[in-house]
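FYI, side chains are in, hydrogens and waters are out, and symmetry mates aren't considered; it's all heavy atoms of this structure. Chain naming here is simple, since letters A, B, ... match the order of the sequence lines and numbering starts at 1 in each. On a predicted model such as this, the values are computed, not experimentally measured, just so you know.
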Number of protein chains: 2
Amino acid sequence: MTTATLVPVFAALGDETRWSILAALGEGDASASALAARMPVTRQAIAKHLAVLQEVGLVEPVRVGREVRFRVLGSQLSETARRLDEIGAEWERRLAAIKQIAESL
Amino acid sequence: MTTATLVPVFAALGDETRWSILAALGEGDASASALAARMPVTRQAIAKHLAVLQEVGLVEPVRVGREVRFRVLGSQLSETARRLDEIGAEWERRLAAIKQIAESL
DNA sequence: GCGATATGCAACCATGGCATTGCACATCGA
DNA sequence: TCGATGTGCAATGCCATGGTTGCATATCGC
């Protein structure tokens with residue numbers, strides 16, 4: 001996973017409604033209609049959010065008869081967390097180095 | 001750090017320009033003007049991005065005479081990564097449990 | 001003091017994103 | 001078959017966001 005593919009993932013995670021959807025899916029796969037039934041937004045709104053989440057690989061569609069259930073992919077989330085942690089660690093190393101240089105002056 | 005404060009952080013990280021700024025700041029503290037000098041956007045645009053980054057605690061202002069340098073806070077990034085990893089792990093546990101139930105049928 | 005540089009604030013514009021409604025199409029069940 | 005349910009697509013409205021320009025203000029160096 002490169003930084004380029006990482007940014008859209010964060011953009012996807014930067015929305016409350018999508019977190020609600022992810023949380024709901026965490027309790028079991030569900031269709032857009034099923035999600036809309038217990039959330040204060042339209043089915044179409046949910047469908048768009050699901051499209052976004054699918055685009056960045058956070059969710060996966062599973063066709064079951066006439067309905068399309070969505071499954072949350074926790075691995076993608078862990079992967080993202082790992083990359084983020086690497087970046088944070090890298091910056092902390094740099095900052096520590098700078099600080100040491102400053103103290104040795 | 002709660003989930004409520006977490007979402008804005010992701011929203012902040014969901015922008016290419018802001019990543020450019022963070023990357024630039026990773027090589028040393030810099031002011032909005034200094035950043036604007038080596039980036040294809042206006043100083044004011046940079047200033048707005050810095051305000052957003054500061055709002056979510058990813059960056060910290062340091063007044064130096066008449067200029068305001070910004071320092072990137074890697075710890076906040078690591079903190080975010082940790083929370084994200086926890087959430088991902090939680091979902092993977094749930095999914096594993098569901099899978100096991102399904103297999104035992 | 002004065003010019004140069006850095007910042008701050010406000011107005012403005014364009015684009016994109018979130019959400020809506022409306023309608024057409026597919027599929028399940030009685 | 002026919003009604004009910006689930007999905008897909010398109011048009012639209014609205015507001016937030018990213019970006020710009022312009023101007024006022026503060027501070028440094030000479």
Is a salt bridge present between B/R69 and B/E67, judged by a nitrogen-to-oxygen distance below 4.0 Å?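 Salt bridge between B/R69 and B/E67, a charged N being under 4.0 Å from a carboxylate O: yes.
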
Calculate the interatomic distance between [X] atom [atom1] and [N] atom [atom2]; express it in whole Å.
{"X": "B/R69", "N": "C/dT5", "atom1": "CZ", "atom2": "P", "result": "16 Å"}
{"X": "A/Q54", "N": "D/dG8", "atom1": "CD", "atom2": "P", "result": "10 Å"}
{"X": "B/L50", "N": "C/dA6", "atom1": "CG", "atom2": "C1'", "result": "14 Å"}
{"X": "A/I46", "N": "D/dG6", "atom1": "CD1", "atom2": "C1'", "result": "14 Å"}
{"X": "B/F70", "N": "C/dT7", "atom1": "CZ", "atom2": "P", "result": "8 Å"}

Contacts of type salt bridge (Lys or Arg N to Asp or Glu O under 4.0 Å), residue B/D85, not counting sequence neighbours: none

Looking at B/S33, does any N or O in its side chain come under 4.0 Å of the phosphate oxygens OP1/OP2 on C/dT5?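 Answer is no, no contact under 4.0 Å.
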
Less than 4.0 angstrom between a side-chain N/O of A/R18 and OP1 or OP2 of C/dC18, yes or no? yes

Other ILVMFWY residues reachable from A/L73 by side-chain steps of under 4.5 Å: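 Other cluster members: none.
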
Which ILVMFWY residues can you reach from B/V52 by hopping between side chains whose heavy atoms are under 4.5 Å apart?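 For B/V52, no cluster forms, as it stays isolated from other hydrophobic side chains.
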
Cut-off 3.5 Å, no hydrogens considered: what does the side-chain donor-acceptor table look like for residues 31-46 of chain B, sequence neighbours left out?
residue: B/S31; atom: OG; partner: B/A34; partner atom: N; Å: 3.2

Protein proximity profile, nucleotides 19-30 of chain C - base contact B, sugar-phosphate-only contact S, no contact -, cut-off 4.0 Å on heavy atoms: BBBB----BB--

Where at least one partner belongs to residues 50-63 of chain B, residue pairs that pass side chain to side chain donor-acceptor pair (under 3.5 Å), sequence neighbours excluded: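 Residue pairs passing side chain to side chain donor-acceptor pair (under 3.5 Å), neighbours aside: none found.
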
